[in-house]
Amino acid sequence: MRVPTVIGRRTVAVAVAVALVAVVVTAVWAYRRHRADTMDAAAVWCLTADRRPALVQAARALGRVHPESTVERVRWSGGSGGAERWRSERPADFARTCRALIGAEQRPSGGGSSPWSGFTPALLLAVVSAALAAWFSRRSAVADARRVEAEALRAAARAYRAAVERLVRELEQRRPGMAPDDGEVQDRQLELATRLRAVSATYRDWSLPRTLGETLDREPLGAGMVARWTARPPQDRPGWAAETRGALGRLEADVAQVAEAMREPGPFRTRMPAGRR
């Protein structure tokens, strides 16, 4: 079976993370730059000579300046002067008044362009960036869950191998009397087979997990080891024990390969490569 290397998968994951961070940073920078440009454009629009009377009138209506303010002399709490000075000393009041003036002048015409019309693309970019970040976060959570499942699969394979090896040793050292109990082997086999079936269900196009599950039911592994040992003549039993240990080593190595591929699936991986038939 050919499985991408861990280094390659980690490189892809890091590259995707860097790309997403770059997109978000770019979106934030673009939004701030656009906002600054928009504020400047709005100020220019509101401070033109023909709109200054409406600007002062809007400021009086909103209570941002004193009622006696005029185009030539704007008065506010703590100061007075031209509209440019008012903007410099009270930028928040000026910005709110300017936005209100732009909105009021647009409403009767039913639309048209304004210094604020370009805000939508920047907002859209920010939304897309947030969606990408959320998607990557979800994929990372899925990858973490797969790594937990992979470690559980490894542990199940180790426990099965240990149980079988204990049983084989007991059979080799058996004295006349009661036969060893293979209940633990059957329990560990069921646990490993269940986990392999779960992997097969997740990666339907990957044949190796299914093949390993079938291996558990075939000679020399599978249920009934004590009966098969007893049925063999004494001279054949050492060969069967060696064959069983060899099958255990191959099984654990193949399960480790499956677990490694699951543990580092990569941020975009949904299918595993086809394995041995």
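- Side-chain atoms of R228 come within 3.5 Å of backbone atoms of P220 as a donor-acceptor pair (strictly under, hydrogens ignored).
- In this structure the side chain of R75 reaches within 4.5 angstrom of the side chain of S69, judged on heavy atoms.
- In terms of modelled atom types and a separation under 3.5 Å, the side chain of R232 and the main chain of P238 share no donor-acceptor contact.
- The two residues S80 and R73 make their nearest non-hydrogen contact at OG-NH1, 3.4 Å.
- A salt bridge links R146 with E149: the distance from a Lys NZ or Arg NE/NH1/NH2 to an Asp or Glu carboxylate oxygen falls below 4.0 Å.
- One distance of note links CZ of R87 with CG of D93; it measures 13.5 Å at 0.5 Å rounding.
- A59 approaches T97 most closely through the heavy-atom pair N-CG2, 3.5 Å.
- A distance of 12.5 Å separates CG of L101 from CZ of R52, quoted to the nearest 0.5 Å.
- With sequence neighbours excluded, the residues forming a ring pair (Phe, Tyr, Trp, His ring centres under 6.0 Å) with F94 are W86, listed by chain and number.
- Of all heavy-atom pairs spanning A159 and R188, the tightest one is CB-CD, 3.5 Å.
- Checked options M225, R166, Q173, E170; the residue passing with P180 is E170 (criterion: side-chain contact (heavy atoms from CB on, under 4.5 Å)).
- Closest of all the heavy-atom pairs between V185 and A163 is CG2-O, 3.5 Å.
- Within the 4.5 Å cutoff, no side-chain heavy atoms of V255 are placed close to those of Y160.
- When every heavy atom of A261 is checked against every heavy atom of W206, the shortest pair comes out as CB-CH2, 3.7 Å.
- Two residues are said to be in side-chain contact when any heavy atoms from C-beta on lie closer than 4.5 Å; T70 and V56 fail this criterion.
- Between V258 and M262, some side-chain heavy-atom pair lies under the 4.5 Å cut-off.
- Other residues, nucleotides and ligands contribute only 12 or fewer heavy atoms inside 6.0 Å of the CZ atom of R204.
- The structure places CG of L192 at 13.0 Å from CZ of R154, a figure rounded to the nearest 0.5 Å.
- Counting only distance, with no hydrogens or angles, the side chain of S200 and the backbone of L196 share a donor-acceptor pair below 3.5 Å.
- Within the model, atoms CD1 of I102 and CG of L55 stand 10.0 Å from one another, a figure rounded to the nearest 0.5 Å.
- Annotation: Q57, atom CD; neighbour count of heavy atoms from other residues, nucleotides and ligands within 6.0 Å does not exceed 12.
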Practice item. Begin from the C-alpha positions of H66 and S77 and carry the test side-chain contact (heavy atoms from CB on, under 4.5 Å) through to its verdict. Key: CA-CA 8 Å; H66 292 172; S77 298; 3.8 Å; yes
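- The main-chain N or O of V65 is never found under 3.5 Å from a side-chain atom of R90 such that the two would form a donor-acceptor pair.
- Between R237 and E172, none of the side-chain N atoms (NZ, or NE/NH1/NH2) sits under 4.0 Å from a carboxylate O, so this pair counts as no salt bridge.
- The minimum heavy-atom distance linking A241 with V168 is given by the pair CB-CG1, 3.8 Å.
- Note that OG1 of T194 and CD of Q189 are 10.0 Å apart. Values are rounded to the nearest 0.5 Å.
- To the nearest 0.5 angstrom, Q257 atom CD is 9.0 Å from L212 atom CG.
- No donor-acceptor pair closer than 3.5 Å links the side chain of R60 to the backbone N or O of E68.
- Contact annotation: the side chain of L251 approaches that of L216 to within less than 4.5 Å [non-hydrogen atoms, C-beta and beyond].
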